[in-house]
**Q** 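Mind looking over this structure? Questions follow.
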Amino acid sequence: MPVSVAVSVASPPSLPRVARSPPPPPRHSARVRHRLASCRWVNFSSHPLDSGRFEHLSSRCSITNTDVQYDHVATDDEALSEKSVIEAECPVPVVHLKPEILESDSSSLLTERDFVDNLLTALPVLSVEEQNALAAIPAHPAGLYAMYASCLTGNLVEQLWNFAWPSAIALLHPSLLPVAVMGFIAKLAIIAGGPLVGKLMDSFPRLPAYNFLNTLQAAAQLLSAAMIIRAHSIPSTSASAVILRPWFIVLVLAGAVERLCGIALGVAMERDWVVLLAGVNRPIALAQANAIINRIDLLCEIAGASLFGILLAKYDPVTCLKSAAGLMICSLPVTVFLTWLTNKLSTGVLDRPKSLHNCCKSCNGVTVNENDSIGVGVDAIKLGWKEYIQQPVLPASLAYVLLYFNVVLAPGSLMTAFLTQRGLNPSVIGGFSGLCAVMGVAATFVSANLVNRLGILKAGAAGLIFQASLLTIAVAVYWSGSLSQQYPLLFFLSLIVLSRLGHMSYDVVGAQILQTGIPSSKANLIGTTEVSVASLAESVMLGVAIVVNDSSHFGILAMLSLVSVVGAAWMFCRWLLNPTDEQRSLFAFDFQ
């Protein structure tokens, strides 16, 4: 049996570390004999060198080309007895193999090739189909369904109110000024208070913070409804006088709080809860959960707008507002119960603590005390803007932001107020908003086919070009002066409805572009900043609407909205036709 001995300097002599190497190829025997008999001890006494030269040396032995089997392992007593026999002949340290070093995890070593065979057969190997099936199973399916129910209850009331308040205010005075002022202040609240509300959600447990914001949102909605009911009971005045009334000031503040709570609840549901319930390591289940939440939101938009439109067509505004307030009161305990049920069915997954820095937080090299809410908010905005500008897919994000300048050629408060002042039947207005939401649902399916056929980048360009083309025709119909007639007005609305297909397609595809181009470590920061920038864009357009608040100036707002959509399409297509090296590396499959 060939034995090779390597000697290295060490002081003092110590027991060497023994490491097991991988098994040799099958053509050799895999047996290792761990007991070195006395005849195999290395003896340096016959060497002509002086034995004193080895007094401060420790030996290291390696055995090669041997057949070793696990039939016997020398114990400490045996090793000591053998050492006493040869100590007189061998003045240098001798290597002993200790049994605890050689023990395996199963506390006994297998003989022959069983160890290797069992090791290979014990590892489960899943096929591609099995891996996909596992990735499509949510981590907490029962809790996920309870979350869907909670999302349905909360979104239905929220979408109904989003349609109710501009309709009720538009019936007070034939001016866009009150609605524009409310929308403008709400957007400013989102821009300024968004980071602070996010800090609140991160600093407290999920369930108490979520229930608190739900209660606060319901209270703000009830207060807003009470103020609008109060406004309908007093004589009408000019638009400039309306915005100075105490009831309107309270309405504006309550509306800002309601919108801020709604944004925070949506972020918590879509960015945090769904990931915990579906499973961050189950991408198919997570994608399906995201799609279901989007469809629930759009279906609630359809149902909320249609329901209040039908009520407004049959009853007076005050009765409709009282019905909406009753629905808010009834839905709050249901939402709180479903929130508790979600956590219960998911075995308390929502109770998991969040990773926080308790004392202070360092943002871009600047340390800020977390007790200073204003400082935290300002530093979060600064860091977010810096990362947002430096992102590799900035043109795609800016195109998304430009679409938010379109505040009148889309379903919203200003369009609702404009159609109400045109004398259109409230059920038709509700049907318009509902059909726009239907286009959004259809876009979730169309966008997937576009990506498969054209690739992700060309699919985004197709959606933007489609929207810009239809809105160009819609603005031409408006400037033709024929909207006073019923059929041209319905054709005008139909073009806007169809344009939502392109808008929502880019909304879905654009989100995937941003997910691909933005690192996961910065996704939340850049995403939150993008929401703030989009709110800023809406605020600018609402500010313009405040200046040109008469409904006869609707054409100016329509032209500005069209320019923003055309500009978004031009910017994205220019980015697509002149790709950078980083863009080619991120979307290599598209360019192939």
Side-chain angles (χ1 to χ4, degrees), residues 149-172 178-179 181-190 193-194 197 200-201 209-233 245-269 296-297 300-312 315-339 411-413 416-417 426 430 433 535:
S150 176
C151 184
L152 177 64
T153 305
N155 279 9
L156 180 61
V157 176
E158 184 176 340
Q159 295 296 342
L160 184 144
W161 180 245
N162 288 342
F163 180 81
W165 73 262
S167 301
I169 293 177
L171 294 174
L172 290 172
V179 175
V181 169
M182 278 200 64
F184 181 77
I185 299 299
K187 297 303 177 184
L188 289 181
I190 294 174
V197 175
L200 173 68
M201 296 293 288
Y210 191 85
N211 290 332
F212 171 76
L213 288 181
N214 259 321
T215 305
L216 185 61
Q217 183 184 32
Q221 290 171 348
L222 290 173
L223 181 60
S224 300
M227 293 299 102
I228 298 176
I229 292 174
R230 167 64 179 168
H232 277 275
S233 64
R245 291 293 184 91
W247 67 264
F248 186 77
I249 296 175
V250 175
L251 177 63
V252 168
L253 296 177
V257 172
E258 190 274 335
R259 278 292 75 224
L260 200 56
C261 291
I263 293 295
L265 291 172
V267 170
M269 185 76 72
I296 288 174
D297 186 54
C300 287
E301 184 178 345
I302 297 171
S306 302
L307 178 60
F308 195 83
I310 294 173
L311 290 175
L312 200 58
Y315 306 100
D316 59 281
V318 174
T319 303
C320 296
L321 290 172
K322 290 180 179 179
S323 302
L327 183 61
M328 297 169 192
I329 296 173
C330 296
S331 65
L332 179 59
V334 176
T335 304
V336 172
F337 169 75
L338 290 174
T339 301
S413 57
T416 301
S433 299
S535 298

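What you see is a predicted model; the values in this text were computed from it and never measured. When reading the values below, keep in mind they use all heavy atoms of this one structure, side chains included, and skip hydrogens, waters and symmetry mates.
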**Q** Quick one: do Phe248 and Val181 satisfy side chain to side chain contact (heavy atoms under 4.5 Å, CB included)? Show the steps, please.
**A** CA-CA 10 Å; Phe248 186 77; Val181 169; 3.9 Å; yes
**Q** Ile169 vs Leu251, test: side chain to side chain contact (heavy atoms under 4.5 Å, CB included). Steps then yes/no.
**A** CA-CA 11 Å; Ile169 293 177; Leu251 177 63; 3.7 Å; yes
**Q** Grab the two heavy atoms, one from Thr319 and one from Asp316, that are nearest each other, plus how far apart they are.
**A**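 What the structure gives for the nearest pair is OG1-OD1, 2.7 Å.
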**Q** For the backbone of Leu171 and the side chain of His232, can you confirm whether one donor and one acceptor N or O come within less than 3.5 Å of each other?
**A** no
**Q** Minimum heavy-atom separation for Met328 to Trp161, with atom names?
**A**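 Smallest interatomic distance, heavy atoms only, reads CE-CE3, 3.4 Å.
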**Q** Side-chain contact test, heavy atoms from C-beta onward, threshold under 4.5 Å: evaluate it for Met269 versus Tyr210 and give yes or no.
**A** yes
**Q** I'd like to know whether Val179 forms a side chain to side chain contact (heavy atoms under 4.5 Å, CB included) with Trp165, so could you lay out the CA-CA distance, the side-chain angles of the two residues, the decisive distance to 0.1 Å, and finally the verdict.
**A** CA-CA 9 Å; Val179 175; Trp165 73 262; 4.1 Å; yes
**Q** For the CD1 atom of Ile310 and the OH atom of Tyr315, what is their distance to the nearest 0.5 Å?
**A**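 Answer rounded to 0.5 Å: 11.0 Å.
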**Q** How far apart are the closest heavy atoms of Gly255 and Ser224, and which atoms are they?
**A**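 Nearest pair, atom of Gly255 first, then Ser224: N-OG, 3.9 Å.
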**Q** Would you compute the distance between atom CZ of Phe308 and atom CG of Leu311 and round it to the nearest 0.5 angstrom?
**A**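 So the gap between those two atoms works out to 7.0 Å.
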**Q** Under a 3.5 Å distance rule, please check whether Ser233 uses its side chain to pair with a backbone N or O of Arg230 as donor and acceptor.
**A** yes
**Q** Could you state the interatomic distance from CG (Leu307) to SG (Cys300), rounded to the nearest 0.5 Å?
**A** 11.5 Å
**Q** Say you draw a straight line from CG of Leu253 to CG of Leu223; how long is it, rounded to the nearest 0.5 Å?
**A**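 Reported value, rounded in 0.5 Å steps: 9.0 Å.
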**Q** So, do Arg259 and Asn162 sit near enough that their side-chain heavy atoms are less than 4.5 Å apart?
**A** yes
**Q** Would you say the side chains of Gln159 and Glu301 form a donor-acceptor pair under 3.5 Å?
**A** no
**Q** How long is the span from the CD1 atom in Ile263 to the CD atom in Glu258, to the nearest 0.5 Å?
**A**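 Here the interatomic distance stands at 9.5 Å.
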**Q** So, for Cys261 and Gln217, which heavy atoms are closest and what is the spacing to 0.1 Å?
**A**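 Nearest heavy atoms, Cys261 then Gln217: CB-CB, 3.8 Å.
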**Q** Of the non-hydrogen atoms in Leu332 and Ala218, which two are nearest, and what is the gap between them?
**A** CD2-CB, 4.2 Å
**Q** Between CG of Asp297 and CG of Asn155, what distance do you get to the nearest 0.5 Å?
**A**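 It is 5.0 Å, given to the nearest 0.5 Å.
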**Q** Would you indicate whether the side-chain heavy atoms of Leu265 and Glu158 approach each other to under 4.5 Å?
**A**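 Contact flag for Glu158/Leu265 side chains = no.
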**Q** Between Thr335, Val336, Val334, which is the residue that forms a side-chain contact (heavy atoms from CB on, under 4.5 Å) with Leu338?
**A**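 Of the listed options, the one satisfying the test is Val334.
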**Q** Could you tell me which non-hydrogen atom of Ser167 sits nearest to which non-hydrogen atom of Leu312, and how far apart they are?
**A**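 That closest heavy-atom pairing would be CB-CD2, 4.0 Å.
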